[in-house]
Amino acid sequence: MPTKPKFIPAPTADLAAPGWPFSAAGEKLTVRSGILELMDDLGLAMTTDPGMRMLGGGNPAAIPGMVRLLRERMSEMLANGEDFDRMLGNYDPPQGNPRFLGAMANLLRRTFGWDVGPENIAITCGGQSAFFYLFNLLGGRLANGRRRKILFPLTPEYIGYADQGIEPDLFIACRPRIEIGTEAGPRFFKYHIDFSAVEAALSEHDIAAIAASRPTNPSGNVLTDEEVRRLSELARERGIPLILDNAYSAPFPGILFAPAEPYWAPHAILTFGLSKLGLPGSRTGIVVAPPQIASAVASMTAILGLANGNVGQQLVLPWIQSGRILDFGPGILQPFYAQKSRAAIAWTHEFFEPSGLDWALHANEGTFFLWLWLRNLKITTKEFYQRLKRRKVLTVPGEYFFFGMQEDWHHRHECLRLNYSQSADMVREGLQIIANEACEARR
Ligand SMILES: Cc1ncc(COP(=O)(O)O)c(C=O)c1O
C-alpha cells in the first residue's frame with residue numbers, strides 16, 4: 001500500500017513574521033533611513049505612479065547620445081558571442097576584472113599622470129558599497145579600543161553616507177561658511193569649508209579619514225582646488241587618508257560646470273563610478289587607493305558577495321582602453337546637463353522672483369541637482385516635502401543631508417534638493433508647484 005504523505009503544517013502568520021530580536025548591527029542597518037525612504041519613493045514613482053513629477057532621487061537622465069552608444073556596445077558584445085558568454089558565465093576575482101583594473105590604471109596614469117597600477121584599484125557594487133566598506137574599515141572601534149570617526153569637512157553631504165556606519169556616531173560633520181551672492185548673481189550662495197571648524201574637529205576627535213564628495217551631492221558645490229589641497233595637507237600631517245567621492249566628476253561622467261583639477265595623492269582614496277554616466281543599473285563603483293586599501297576592499301567584497309557584477313566593466317572596457325570614455329563628459333554629458341541646469345535656474349527665477357519668497361539657490365557647479373534655500377517657511381522641509389508629494393512633486397528634504405553635526409542648525413530645515421535631469425515639462429511644472437506651495441507655507 002502506498003504510504004500516505006505526511007501532513008506538514010503551513011507556516012502560520014506568527015511564524016512568518018517572527019519577533020526575533022535583531023543584533024545591534026542589525027538594528028542599525030534596518031532603521032527607516034533617509035536613503036531607504038528616498039529609494040522607496042523613487043522606485044514607486046518610477047514604476048507605479050507615472051503622474052508623479054520626479055524631482056527626487058539621484059537617477060541620471062537617459063541621454064539619447066549615451067543610450068545609443070550603450071546599445072551599440074551591447075549589440076557588439078552579443079555579436080561577438082564569446083565576450084557576452086564570458087561576461088555572464090564567469091565570476092570575476094573579488095578585486096575586479098584584471099583587464100578592467102589594468103585599463104583603468106593606464107587611463108589614470110596617462111591622463112592625469114597619477115602613480116597608480118592595477119594593485120591600486122578595486123571594483124565594488126556601486127560607489128554606495130565602496131563607502132560602506134571604507135567607512136567601516138577605517139572608522140569605528142579599533143582592536144585596542146580606540147574609537148575613530150570619519151570627518152566630513154563640509155555639511156550638507158550625500159544622504160547615502162548617513163546611515164552607513166555599523167557603529168553608532170561614526171561621523172562628525174562641520175558647518176560651512178556661507179557666501180551669499182556669488183558671481184552667478186544675488187540669488188545664489190556658496191558653501192565654503194570653515195577650516196577653523198575642521199581643525200577643531202581634528203583635534204577634539206580621533207579622526208580616521210576626511211571625506212567629501214566633489215561635486216557635492218546635494219548642493220552642486222565644487223570644493224575649490226585650494227580647499228582640496230588644504231584638506232589633503234591636513235590629512236597627510238595626521239597620517240590619515242583623504243577620501244574624495246568623484247561620482248559626478250572627471251574623468252567620467254564629468255558633470256562639472258566650474259573648473260576643478262582632478263586630485264590624487266599617495267594618501268588619497270578616490271572613488272569613481274559608472275552610474276552617472278548612464279549605467280546605474282550596472283552597479284559599478286571604482287576605488288583608487290593604496291594597495292593595502294584596495295585589497296582590503298576586495299576581501300570585503302569576497303565576504304559580502306564573492307565577486308562584483310561584471311556587466312558594467314565589460315561594457316565600458318574598450319572605451320577605457322582607447323580613452324574614448326574621456327570624450328563623453330565634455331561631448332555628451334556636460335552640455336546636456338549644463339543646458340538642463342540653465343533652464344531649471346531660469347524657471348526658478350520665473351516662478352520664485354514674483355512670489356515675494358525669501359529664496360536662494362546654491363551655485364550649481366556640478367551634479368544634476370538644484371539646492372534651494374527657502375528662508376521664510378513656517379514649516380520644516382520634511383513637512384514641506386510631504387505637502388509637495390501630495391501635489392505629485394517628489395523632492396528630497398534637506399534634513400537628511402546634515403548628519404554628523406553636533407548641534408542643530410536651522411539651515412538644515414530650510415533646504416530642498418531638486419533633481420533636474422528629467423523632462424523639461426516635468427521639471428518646469430514641478431518648480432511652479434514648489435513656488436506655489438511655498439507661498440502657502442510662508443511665515
Ligand atoms: C555623491 C554620490 N556618491 C555615491 C553615490 C553612489 O552611487 P552608485 O552606488 O550608484 O555608484 C551617489 C549616488 O547618487 C552620489 O550622489
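As the structure lists them, so they are numbered: ligands from 1, and atoms in each ligand from 1.
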**Report entry** Chi angles and distances behind the ring-ring contact (aromatic ring centres under 6.0 Å, His included) call for Y420, Y337
**Finding:** CA-CA 8 Å; Y420 56 73; Y337 285 115; 7.1 Å; no
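- Defined by atom type and a distance below 3.5 Å, a donor-acceptor pair is present between the side-chain atoms of R417 and N217.
- Ring geometry, Y191 versus F189: the interplanar angle exceeds 60°, so the pair is classed perpendicular (tilted spans 30 to 60°).
- The only option from H413, H362, H410, H411 that meets the ring pair (Phe, Tyr, Trp, His ring centres under 6.0 Å) definition with W373 turns out to be H411.
- Ring geometry for H349 versus F188: interplanar angle of 30 to 60°, hence tilted.
- Side-chain contact check for T380 and E383: at least one donor-acceptor pair (N or O, by modelled atom type) lies under 3.5 Å.
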Between the protein and ligand 1, which nitrogen or oxygen pairs come in under 3.5 Å, and how far apart is each?
from     : atom 1 : to   : atom 2 : distance (Å)
ligand 1 : 3 (N)  : D245 : OD1    : 3.4
ligand 1 : 3 (N)  : D245 : OD2    : 2.5
ligand 1 : 9 (O)  : G127 : N      : 3.1
ligand 1 : 9 (O)  : Q128 : N      : 2.9
ligand 1 : 9 (O)  : R283 : NH2    : 2.8
ligand 1 : 10 (O) : S275 : OG     : 2.6
ligand 1 : 10 (O) : R283 : NH1    : 2.8
ligand 1 : 11 (O) : G127 : N      : 2.7
ligand 1 : 11 (O) : S275 : OG     : 3.3
ligand 1 : 14 (O) : K276 : NZ     : 2.7
ligand 1 : 16 (O) : N217 : ND2    : 2.8
ligand 1 : 16 (O) : Y248 : OH     : 2.7

